[in-house]
Amino acid sequence: MWTPDPSMFVTAAQKAAEAKNAGLAAYKGAFDAHLDEVAGQRQYDSRYTITAYAISTNPAWAAEANTFIAWRDACLLYMFSLLSSVEAGESAAPTIAEFVGGMPEIAWPD
């Protein structure tokens with residue numbers, strides 16, 4: 001007689017957790033891509049590159065980096081607030097385009 005292996009079963013809770021993780025990964029990927037795109041507006045390779053200029057001896061580059069860092073932090077607050085609202089059932093999960101479109105705009109220094 002065949003005995004099923006319990007480790008092979010996937011529960012509804014496991015499926016829900018996997019779906020949630022996949023959704024969070026999609027938002028995280030879109031978030032990171034948007035940050036890289038905005039850094040590219042000033043010819044930086046990525047979100048990592050621009051933040052390294054925060055300690056630059058060139059005042060213009062340091063100003064751009066610090067502006068980016070403050071903007072990134074505002075975007076993180078937006079993301080955490082939105083995802084918390086969705087998890088609490090207070091709002092529906094936005095599409096990726098709506099999520100990215102709702103991020104604050106950056107105001108680059110002159």
Side-chain angles (χ1 to χ4, degrees):
M1 181 168 146
W2 176 73
T3 303
D5 180 358
S7 69
M8 301 299 291
F9 293 108
V10 178
T11 67
Q14 288 169 319
K15 287 181 183 180
E18 289 172 8
K20 178 182 176 184
N21 289 340
L24 290 175
Y27 286 113
K28 171 83 167 79
F31 181 86
D32 291 346
H34 184 64
L35 266 60
D36 286 340
E37 179 183 314
V38 171
Q41 292 174 359
R42 293 294 173 126
Q43 307 306 311
Y44 295 96
D45 294 335
S46 71
R47 61 194 181 278
Y48 302 118
T49 304
I50 191 171
T51 58
Y53 282 85
I55 58 171
S56 176
T57 58
N58 181 306
W61 297 340
E64 287 180 343
N66 285 305
T67 296
F68 182 88
I69 291 167
W71 169 80
R72 178 209 53 202
D73 291 352
C75 289
L76 280 167
L77 290 173
Y78 158 79
M79 178 179 70
F80 292 143
S81 174
L82 178 66
L83 294 178
S84 176
S85 174
V86 169
E87 283 187 345
E90 299 167 354
S91 61
T95 65
I96 295 297
E98 291 168 339
F99 168 67
V100 172
M103 287 185 198
E105 294 286 326
I106 193 166
W108 292 110
D110 293 330

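One-based numbering along the sequence shown.
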**Student:** Which side-chain N or O atoms in residues 69-77 pair as donor and acceptor under 3.5 Å with protein atoms at least two apart or in another chain?
**Tutor:**
from: Trp71; atom 1: NE1; to: Pro104; atom 2: O; distance (Å): 2.8

**Student:** Which residue pairs pass the side-chain hydrogen bond (donor to acceptor under 3.5 Å, both in side chains) test when at least one of the two sits in residues 101-110, sequence neighbours left out?
**Tutor:** Gln41-Trp108
**Student:** Indicate every side-chain donor-acceptor pair of residues 89-99 with a distance under 3.5 Å to a residue at least two apart or in another chain.
**Tutor:**
from: Ser91; atom 1: OG; to: Ser85; atom 2: OG; distance (Å): 2.8
from: Thr95; atom 1: OG1; to: Glu98; atom 2: N; distance (Å): 3.0
from: Thr95; atom 1: OG1; to: Glu98; atom 2: OE1; distance (Å): 3.4
from: Glu98; atom 1: OE1; to: Thr95; atom 2: N; distance (Å): 2.8

**Student:** Would Ile55 end up clustered with Tyr48 when hydrophobic side chains under 4.5 Å apart are linked, directly or stepwise?
**Tutor:** no
**Student:** Looking at CZ of Phe68 and OH of Tyr53, how far apart are the two atoms once the value is rounded to the nearest 0.5 Å?
**Tutor:** 13.5 Å
**Student:** Look at atom CZ of Phe31 and say whether more than 12 heavy atoms of other residues, nucleotides or ligands are closer to it than 6.0 Å.
**Tutor:** yes
**Student:** Quick test of your reading: applying salt bridge (Lys or Arg N to Asp or Glu O under 4.0 Å), list the pairs with at least one residue in residues 39-55, sequence neighbours left out, ordered by first then second residue.
**Tutor:** Asp32-Arg47, Asp36-Arg47, Arg42-Glu64
**Student:** Excluding sequence neighbours, so at least two apart, what forms side chain to side chain donor-acceptor pair (under 3.5 Å) with Ser56?
**Tutor:** none
**Student:** Once rounded to the nearest 0.5 Å, what's the spacing between atom NZ of Lys28 and atom CG of Leu83?
**Tutor:** 12.0 Å
**Student:** Looking at every heavy atom in both Thr67 and Ala107, which two are closest together, and how far apart are they?
**Tutor:** CG2-O, 3.3 Å
